[in-house]
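Below: one structure, written as structure tokens.
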Amino acid sequence: FLLANKKMTIMPYFYNKSTLLSVSPHFIPHLALTLVFKYSIYFVYHYIFQYHFHPLSLSLPPFGRIIKISIKREEEKSMGKKIVVITSSFRKDGNSTALAEAFIEEAQKKGHSVKRFDAAYLNIGPCHGCDTCFKTGKACTFDDDFNTVAPYIEEADAVILATPTYWFSIPGKVKCLIDKLYSFCVGKKEAIAGKKAGLLCTCRSQSTSDMEGIIMPYHKAIDYLGWENIGEILISSMDKPGELQQTAGPEQARALADQL
């Protein structure tokens with residue numbers, strides 16, 4: 001036990017996260033005995049039978065007051081996940097962009113941090129297939145804006161792609177960005193495995209089947225990268241900006257944030 005400013009820090013040898021107790025020094029002898037007994041039972045139960053550590057609130061016997069002990073996991077102190085959202089429409093008020101904005105708004109409300117990149121306005125050239133990725137210290141040897149995006153993707157817990165459908169396929173600018181994810185496969189594929197991914201897609205035609213040219217490569221790509229798909233939001237019959245608001249699209253995009 002370390003007592004300082006009427007705060008006690010307990011660091012059991014079997015648990016590497018500190019637990020803070022607010023306690024009056026007058027009750028230290030009783031607290032020590034009671035805590036060792038109760039904390040040991042809690043440890044045995046959760047580590048042997050549950051295999052994880054849950055928040056706990058213990059009320060010790062009163063000696064003029066009730067002493068409350070709060071134990072929290074380090075993970076629960078986190079403010080949320082890191083998310084990269086990549087849009088691809090040149091229309092700043094476009095429908096796929098509106099999907100992205102609905103998702104971002106909800107994700108931020110839930111405490112996640114979001115970094116957005118508008119691929120249409122980035123200077124990203126095609127992949128040269130040179131296999132010299134990360135040899136210069138950057139993801140791509142041909143230095144462009146992808147080298148700005150790549151570190152955020154590497155650190156992200158989730159990557160969300162929001163795109164319209166151009167000629168039944170992926171718009172060119174964001175396709176260049178996707179192609180350059182190959183740099184991680186050459187240099188450090190294991191560094192970006194295990195992420196979550198989502199697709200927000202719109203098209204002008206009335207059938208969502210016309211988005212297959214985006215859906216299929218999306219699934220192939222994330223499978224190859226070792227990412228988990230959390231869902232796709234596919235909205236058809238989107239012609240003019242603003243039409244998305246007449247659909248369930250924004251609500252579906254917000255619901256996708258729940259999957260994180």
Side-chain angles (χ1 to χ4, degrees), residues 75-125 127 133-134 137-140 142-164 170-185 187-202 214 217-218 221-222 224-233 244 249-250 252-260:
E75 292 82 2
E76 292 176 337
K77 296 177 183 178
S78 171
M79 292 302 294
K81 298 185 180 300
K82 297 178 181 178
I83 306 171
V84 168
V85 174
I86 300 169
T87 73
S88 64
S89 177
F90 276 97
R91 293 180 175 180
K92 293 185 178 180
D93 59 349
N95 293 299
S96 64
T97 302
L99 279 176
E101 290 171 346
F103 172 86
I104 291 171
E105 180 182 10
E106 186 66 19
Q108 290 176 333
K109 284 182 180 179
K110 295 182 179 299
H112 304 303
S113 62
V114 181
K115 180 66 177 179
R116 170 178 165 177
F117 291 98
D118 297 321
Y121 299 96
L122 297 179
N123 176 31
I124 299 180
C127 175
C133 319
F134 286 98
K138 296 182 179 181
C140 184
F142 295 85
D143 195 16
D144 58 24
D145 287 341
F146 177 76
N147 287 334
T148 300
V149 179
Y152 287 94
I153 292 178
E154 183 175 350
E155 293 297 323
D157 299 300
V159 178
I160 306 297
L161 174 64
T163 181
I170 302 171
K173 292 296 289 288
V174 78
K175 181 60 165 61
C176 288
L177 189 154
I178 293 171
D179 286 351
K180 286 197 172 187
L181 290 177
Y182 174 67
S183 60
F184 287 102
C185 301
K188 42 173 34 176
K189 182 179 178 181
E190 69 283 352
I192 60 169
K195 301 184 187 301
K196 296 181 183 296
L199 176 64
L200 308 172
C201 190
T202 62
I214 295 177
Y218 162 77
I222 66 172
Y224 188 74
L225 291 168
W227 294 1
E228 174 192 351
N229 180 41
I230 63 171
E232 305 110 39
I233 309 300
L244 183 76
Q252 292 175 359
R254 285 189 284 268
L256 190 66
D258 291 332
Q259 304 304 312
L260 297 171

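Note: Leu244 CG to Asp93 CG = 11.5 Å, rounded to the nearest 0.5 Å. Taking NZ of Lys138 as the reference point, atom CG of Asp143 lies at 4.0 Å (rounded to 0.5 Å). If you take CG on Asn229 and OH on Tyr218, they are separated by 3.5 Å, rounding to the nearest 0.5 Å. Of the inter-residue distances, the one linking His112 atom NE2 with Phe103 atom CZ reads 7.5 Å to the nearest 0.5 angstrom. The line from CG of Leu99 to CZ of Arg254 is 10.0 Å long, rounded to the nearest 0.5 Å. Between the CG atom of Leu225 and the NZ atom of Lys195 there is a distance of 10.0 Å, given to the nearest 0.5 Å.
For the pair Val159 and Ile192, the minimum side-chain heavy-atom distance is 4.5 Å or more. Here the side chains of Lys115 and Val149 are not in contact, with every heavy-atom distance at 4.5 Å or above. At a threshold of 4.5 Å between non-hydrogen side-chain atoms, the residues Asp157 and Leu260 do not count as touching. Residues Leu199 and Ile222 fail the side-chain proximity criterion, which asks for heavy atoms closer than 4.5 Å. Contact check for Pro171 versus Ser89: no side-chain heavy atoms found under the 4.5 Å cut-off. In this structure the side chain of Ile104 reaches within 4.5 angstrom of the side chain of Gln108, judged on heavy atoms. For the pair Ser96/Cys201, no side-chain contact is recorded, criterion being any heavy-atom separation below 4.5 Å from C-beta on.
The two residues Ala257 and Lys110 make their nearest non-hydrogen contact at O-CD, 4.1 Å. Nearest heavy-atom pair, Val85 versus Ala100, reported as atom, atom and distance to 0.1 Å: CG1-CB, 4.1 Å. Taking all atoms of both residues into account, the shortest heavy-atom contact from Leu256 to Gly231 is CD1-CA, 3.9 Å. Among all heavy-atom pairs drawn from Ala150 and Phe184, the shortest one is O-CZ, 3.6 Å. Minimum heavy-atom separation, Ala119 to Ser88: CB-CA, 4.5 Å. The heavy-atom pair separating Asp144 from Gly125 by the smallest distance is OD2-N, 2.9 Å.
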Going through the distances and angles, do Leu181 and Phe146 end up as a side chain to side chain contact (heavy atoms under 4.5 Å, CB included)? CA-CA 9 Å; Leu181 290 177; Phe146 177 76; 4.2 Å; yes
Take Thr97 and Glu101 through the test side chain to side chain contact (heavy atoms under 4.5 Å, CB included) and record every step on the way to the result. CA-CA 6 Å; Thr97 302; Glu101 290 171 346; 3.7 Å; yes
Derivation and outcome, side chain to side chain contact (heavy atoms under 4.5 Å, CB included), residues Ile230 and Ile160: CA-CA 10 Å; Ile230 63 171; Ile160 306 297; 4.2 Å; yes
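Few gaps surround NZ on Lys173; more than 12 heavy atoms of other groups in view lie less than 6.0 Å from it. Enclosure of atom OH in Tyr121 by more than 12 non-hydrogen atoms of other residues, nucleotides or ligands within 6.0 angstrom is indicated. Heavy atoms of other residues, nucleotides or ligands lying less than 6.0 angstrom from CZ of Phe134 number more than 12.
A donor-acceptor contact shorter than 3.5 Å is absent between the side chain of Lys196 and the backbone of Ala158. Counting only distance, with no hydrogens or angles, the side chain of Asn147 and the backbone of Cys140 share a donor-acceptor pair below 3.5 Å.
A cation-pi arrangement is absent between Lys180 and Phe142, since the terminal nitrogen or guanidinium carbon is not both under 6.0 Å from the aromatic centre and inside a 45° cone about the axis.
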